[in-house]
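Below, all heavy atoms of this structure are taken into account, side chains as well, without hydrogens, waters or symmetry copies.
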Amino acid sequence: MRIFEKDNCAQILERAFAEREKELAAVRAILSDVRARGDAAVFDCERRFDATELTAENFRVSEAEFEEAYREVSPDLLATLKKAIRNIYEYHSRAGRKDSVETHDGRTTGYVVRPVASAGIYAPGGTAPLSSSVLMGVLPAKAAGVKRIVLATPAKGGKIAPLTLVAARECGVSEVYKMGGAQAIAALAYGTQSVKKVDVIAGPGNIYVTLAKKEVYGEVGIDMLAGPSEIMIVADGNANPAYVAADMLSQAEHDVLARAIVVTTDRALAQAIAAEAEAQLARLPRREVAGKSLAASGGIIVVDTLDEAIALVNEVSPEHLELYTAHPEELLPKVESAGAVFLGGYTPEPVGDYFAGPDHILPTSGSAKFFQVLNEDVFTRKMSVISYTREALFADGADIIRLAESEQLGAHANAVAIRMKEDKA
């Protein structure tokens, strides 16, 4: 594990979502093909990339497949899944869909909030089937009031992981399609013979999924452009090095491109964390993936003060931020952007991944500076509402006409002036 000084840590902090020309060209070809040929193009992609033979008859998950999935999930696991669903749904339901309309002096202005009609949720299934991403994608849409929610997830060899299907059904989703990658995003965005297009696409995925979402944005809405997972941990001398190392590895095991960084004011702690990470890594089932991740993008940065640590946090804007200090609540107001913040030594990142309630679909690669965590707002629209009385229009009319004429838009001016003239007549 590499340990950096604050003055030579630029290399480990730099991370941007890089468009790779080869992948982008492949994505554009897939999108174009699916738009032109629909189901047939999706089936071809699934055959090539996932060794899945699809037809119009088995493309959508059947009731029999749902029933089989339930038989393969243990009662204890199902009970745990239900608890997680309750926590997540209740959390996303707190905000509600609140209209804001006010009237003053004959002028009514504001907005009303409406859910989109349909949402497509993408759940990864490549290196590991992530049933938790089903919950985190579907439940905010459900809390927003979306009527039609569609799930797309890869079916390696023709079968979707049982817990993924059970998670979908427990969240109230029955429209599930066996498709992944850019072809799934294309089908959701453009529609095919079997898949009716959606209004918003949400959910994490690999580079092909992310690039595809970027390409179809405008045709549909999207939640964010998410890259490889990342965690940043701010720790002082009170932190337990074993806990910190475990939290680093919890993200490093996702992907060889994942990033895990610790920033600490304690050099002895940095050395202890490095030793713990090596020891724990040797015992992990996914140690090869986690090891490559730490070697390429992991490390510990030693700084003089916690304020310097937070300055680095704000520069990176990490997906996951753990504040593992004696008084983490004092640091939170200084954090300007992060996907999710975890406070204290007993709030490891997996608490948020699975169970607490807040969403785990988060902006990465510094995009927390302008994207937000997936929430019910992604699946709603605010529509402006304006109503003027006769008296209000007369009071403001001259100003409106003057502004319209300044832009040489005579018809705009006339639409107000004609009412004022007729009333005088």
Side-chain angles (χ1 to χ4, degrees), residues 88-121 137-150 172-173 188-191 196-203 213-214 216-225 336-337 357-359 361 363 367-425:
I88 298 164
Y89 184 71
E90 288 180 354
Y91 170 82
H92 283 290
S93 297
R94 286 181 200 169
R97 291 180 284 131
K98 297 177 181 177
D99 298 343
S100 177
V101 180
E102 296 182 0
T103 300
H104 299 287
D105 300 325
R107 301 164 179 84
T108 299
T109 58
Y111 60 80
V112 293
V113 181
R114 300 288 186 268
V116 298
S118 58
I121 307 302
V138 169
L139 294 174
K142 185 176 180 180
V146 179
K147 298 298 184 185
R148 175 178 173 250
I149 303 176
V150 183
V173 175
L188 293 172
Y190 305 138
K196 184 180 177 182
K197 78 183 300 291
V198 299
D199 298 316
V200 172
I201 298 174
K213 286 169 69 176
K214 187 175 183 180
V216 301
Y217 177 60
E219 184 83 29
V220 293
I222 63 170
D223 53 348
M224 66 190 76
L225 300 174
E336 296 173 359
S337 58
D359 219 274
I361 299 175
S367 63
K369 293 178 180 178
F370 46 86
F371 280 127
Q372 61 180 321
V373 58
L374 183 63
N375 64 85
E376 60 281 355
D377 287 347
V378 171
F379 302 101
T380 61
R381 300 152 295 131
K382 290 180 178 178
M383 299 188 298
S384 296
V385 175
I386 304 168
S387 177
Y388 263 47
T389 63
R390 170 185 175 279
E391 291 76 17
L393 181 63
F394 269 63
D396 292 351
D399 290 318
I400 298 169
I401 292 169
R402 190 173 296 115
L403 288 170
E405 289 177 341
S406 75
E407 296 184 347
Q408 300 180 24
L409 296 176
H412 281 64
N414 183 61
V416 176
I418 196 171
R419 287 168 168 78
M420 299 175 73
K421 291 176 182 176
E422 284 187 0
D423 190 85
K424 289 179 180 178

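- Nearest approach of His92 to Leu374, heavy atoms of both residues: CE1-O, 3.7 Å.
- Here the side chain of Arg148 pairs a donor or acceptor atom with the backbone of Lys196 at under 3.5 angstrom.
- Atom CE of Met420 sits about 10.0 Å away from atom CZ of Arg390, to the nearest 0.5 Å.
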Run the side chain to side chain contact (heavy atoms under 4.5 Å, CB included) check on Glu102 and Val385 step by step: do they pass? CA-CA 10 Å; Glu102 296 182 0; Val385 175; over 6 Å; no
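- The two residues Val150 and Leu188 make their nearest non-hydrogen contact at CG1-CD2, 4.0 Å.
- Atoms CD1 and CG, on Ile121 and Asp223 in that order, are 8.0 Å from each other to the nearest 0.5 Å.
- Rounding to the nearest 0.5 angstrom, the gap separating the CZ atom in Arg107 from the CD atom in Glu391 is 10.0 Å.
- The minimum heavy-atom distance between Arg381 and Pro115, with the atom names listed, is NH2-O, 2.9 Å.
- Summarising the geometry of Ala413 relative to Ala404, their closest heavy-atom pair is N-CB, 3.6 Å, with the distance given to 0.1 Å.
- Within a 6.0 Å sphere centred on NZ of Lys369, other residues, nucleotides and ligands contribute more than 12 heavy atoms.
- Here the CD1 atom belonging to Ile222 is positioned 9.5 Å from the NZ atom belonging to Lys214, to the nearest 0.5 angstrom.
- At least one side-chain heavy atom of Pro140 sits less than 4.5 Å from a side-chain heavy atom of Asp359.
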Can you check side chain to side chain contact (heavy atoms under 4.5 Å, CB included) on Val138 and Tyr89, steps first, answer last? CA-CA 9 Å; Val138 169; Tyr89 184 71; over 6 Å; no
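- One finds the CD atom of Glu219 at 9.5 Å from the CD1 atom of Ile201 (value rounded to the nearest 0.5 Å).
- In this structure, Asn375 contributes its side chain and Val373 its backbone to a donor-acceptor pair below 3.5 Å.
- At a threshold of 4.5 Å between non-hydrogen side-chain atoms, the residues Leu225 and Tyr217 do not count as touching.
- Using modelled atom types, one side-chain atom of Lys213 and one backbone atom of Gly203 make a donor-acceptor pair closer than 3.5 Å.
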For Met224 and Ile361, run side chain to side chain contact (heavy atoms under 4.5 Å, CB included): C-alpha distance rounded to whole Å, both residues' side-chain angles, the deciding distance at 0.1 Å, then the answer. CA-CA 9 Å; Met224 66 190 76; Ile361 299 175; 4.1 Å; yes
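- Side-chain atoms of Arg114 do not come within 3.5 Å of backbone N or O of Thr380 as any donor-acceptor pair.
- In this structure, the side chain of Ser406 engages the main chain of Leu403 through a donor-acceptor pair within 3.5 Å.
- Closest of all the heavy-atom pairs between Ala189 and Lys197 is O-CE, 3.0 Å.
- Taking the ring axis of Tyr91 as reference, the NZ or CZ atom of Arg94 does not stay both within 45° of it and closer than 6.0 Å to the ring centre.
- Judged purely by atom type and a 3.5 angstrom limit, Asp199 uses its side chain to pair as donor or acceptor with the backbone of Ala117.
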Using side chain to side chain contact (heavy atoms under 4.5 Å, CB included), reason through Val101 and Thr108 one step at a time and then give a plain yes or no. CA-CA 7 Å; Val101 180; Thr108 299; 3.4 Å; yes
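- Atom NZ of Lys142 is separated from atom CD1 of Ile149 by 7.5 Å, given to the nearest 0.5 angstrom.
- The minimum heavy-atom distance linking Ala392 with Gly106 is given by the pair CB-O, 3.6 Å.
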